[in-house]
Amino acid sequence: MTVAVSPARLPRHFFRTFQCRRCYSTRPPVSLLGQRYAADSSTNITSAIIDKVGRNLYMNPSHPLGILQSLISSHFHNFNSMVGLNPVVTPAQNFDDLGFPPDHPGRAATDSYYINKDLLLRTHTSAHEVETFARGERKWLLSADVYRRDEIDASHYPVFHQMEGARVFSADAVGRAELEDDNARLSHHLARSNIVIEDVPHITASNPHQDVHDPVLAELVALNLKLSLNSLMLTLFGDRAGVNEGEPLRVRWIEAYFPFTTPSYEVEVFFRGKWLEILGCGVVQQQTLDRARVPDSISWAFGLGLERIAMILFSIPDIRLFWSQDPRFISQFTAGQINTFKPYSRYPACYKDVSFWLPHTGLHDNDFCDLVRDTVGDLVQDVVLIDSFTHPKTNRSSKCYRINYCSMDRSLSNDEANSVHAQVITNLKDKFGVEIR
Ligand code: FA5
Ligand code: MG
């Protein structure tokens with residue numbers, strides 16, 4: 001039931017949310033990589049994000065992300081390695097073409113950065129699968145910056161980097177022979193190495209092959225995917241001083257689900273007492289190849305997170321450091337070398353809490369985090385929701401977040417932390433109409 005309420009009867013916080021300047025004024029266009037895009041009511045990209053677009057950290061040969069990108073490219077030396085694709089994509093490229101259902105949470109404004117209703121920053125490198133297959137690439141890698149609205153802590157940053165890889169085989173006797181040869185070669189190489197692999201069956205009722213595929217061929221492709229990635233894990237982590245401390249490398253395969261692959265898997269690596277998710281992968285849904293007009297073929301694909309792997313390999317403790325321009329960070333790395341990062345100092349954490357009554361429309365954690373990031377940049381180390389309740393009588397909801405302000409490269413005075421915190425509170429009131437408690 002919809003009840004018409006005259007504005008005069010609305011509570012003050014409700015009124016403010018809907019009459020804020022951002023909602024009714026014409027929004028300024030968004031400038032990105034020399035292009036201007038019209039903004040609309042879907043626009044939620046912030047200036048903190050716009051500043052990061054075009055930095056291309058992974059293309060710098062002496063940045064840890066660039067060093068890792070080159071190492072992976074040379075492991076897959078006969079794959080065509082692509083870089084530099086524009087991060088602005090359509091929802092069709094990022095979601096529809098890959099079979100994401102219309103109600104998938106990844107599409108929501110709370111999870112993705114929209115430039116306007118027709119364009120967003122890619123949330124994964126898979127957004128370029130169809131166009132790359134359509135160009136006729138059969139063995140390819142694609143490295144790029146990707147963007148997601150997310151929580152704030154040491155392993156989450158709204159911009160990170162992925163590498164997509166894929167290999168296409170012809171779905172006939174020639175493809176089958178190529179697979180059998182390659183699988184034998186890779187198995188032989190892995191059998192001689194110090195690696196412990198926890199596997200899952202390639203194909204199960206809960207992780208099925210596609211009806212259009214010959215089950216024997218699908219099994220060979222899934223095996224080739226697993227062997228290719230186990231071999232990459234060996235190149236990256238095997239026998240590397242300090243990573244395994246003399247223990248064999250442990251890799252674990254897990255059944256997964258992606259709308260654009262089946263069967264699908266995730267790979268985890270055991271590192272310093274914890275299993276870390278490194279990548280997602282699977283046998284490409286035939287509709288992707290059909291859409292790219294690649295007939296009579298079958299393919300595997302993977303997408304890996306460069307920061308996650310680089311944090312392990314270089315012992316980088318905080319994901320913000322990848323963006324640091326401090327010479328004490330940058331000067332520690334050399335093209336072609338993996339060395340252990342030596343932290344130059346630790347600066348004291350400075351915790352500030354903010355408690356408020358939520359606006360009538362609610363407030364998503366990602367909206368809160370994005371506002372903090374946009375207001376204070378990399379001065380925020382992490383944000384934790386420490387309290388949340390609904391008043392039993394008034395039914396109003398309240399949240400309390402604890403923000404840890406801590407710079408990566410200098411000591412922050414309490415006055416400075418107070419002043420940035422005050423700015424966060426002002427912006428919170430202006431943008432979302434919350435009532436501070
Ligand atoms: C994907 O993005 C899929 N496109 C991967 C894929 C490609 C599957 C091709 C099948 C075929 P996922 O959201 O799990 O999947 O991300 C892949 C990897 O990116 C993760 O394993 C992780 O290493 C990295 N990653 C994901 N979110 C973050 C984040 N917020 N910060 C840093 N790294 C992240
Ligand atoms: Mg995942």
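All values derive from a computational prediction rather than experimental measurement. For ligands, and for the atoms within them, numbers begin at 1 and follow the listed sequence. One is the number of the first residue; the rest follow in order along the sequence.
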request  = Please work out whether any backbone atom (N, CA, C, O) or any side-chain heavy atom from C-beta onward of Cys281 is under 4.0 Å from ligand 1, and answer side chain, backbone, both or neither.
outcome  = backbone

request  = Can you pull out the closest protein heavy atom to atom 15 (O) of ligand 1? Residue, atom name and distance to 0.1 Å, please.
outcome  = Phe258 CE2, 3.5 Å

task = Just let me know how Ser264 lines up against ligand 1, side chain, backbone, both or neither, with a heavy-atom cut-off below 4.0 Å.
result = neither

message = Could you check whether Asp378 and Trp323, counting side-chain N and O atoms only, form a donor-acceptor pair closer than 3.5 Å?
response = no

query = Evaluating non-hydrogen atoms only, which member of His156, Glu164, Gln162, His161 is closest to atom 19 (O) of ligand 1?
reply = Gln162

query = With backbone taken as N, CA, C and O and side chain as the heavy atoms from C-beta onward, which portion of Ile309 lies under 4.0 Å from ligand 1: side chain, backbone, both, or neither?
reply = neither

message = Under 3.5 Å between any N/O of Glu277 and any N/O of ligand 1: does that happen in this structure?
response = yes

request  = Show your working on side chain to side chain donor-acceptor pair (under 3.5 Å) between His161 and Glu307 and close with a plain yes or no.
outcome  = CA-CA 7 Å; His161 297 80; Glu307 276 83 351; 2.7 Å; yes

inquiry  = Tell me the contacting part of Thr261 for ligand 1: side chain, backbone, both, or neither, using a 4.0 Å heavy-atom threshold, strictly below.
reply    = side chain

request  = For this output row, return yes or no: ring centroids of His63 and Phe333 closer than 6.0 angstrom.
outcome  = no

task = Take every heavy atom of Arg148, measure it against each atom of ligand 1, and state whether any distance is under 4.0 Å.
result = yes

request  = Quick one: the OE2 of Glu277, the Mg ion (ligand 2), OE2 of Glu266 angle, rounded to 10°, please.
outcome  = 90°

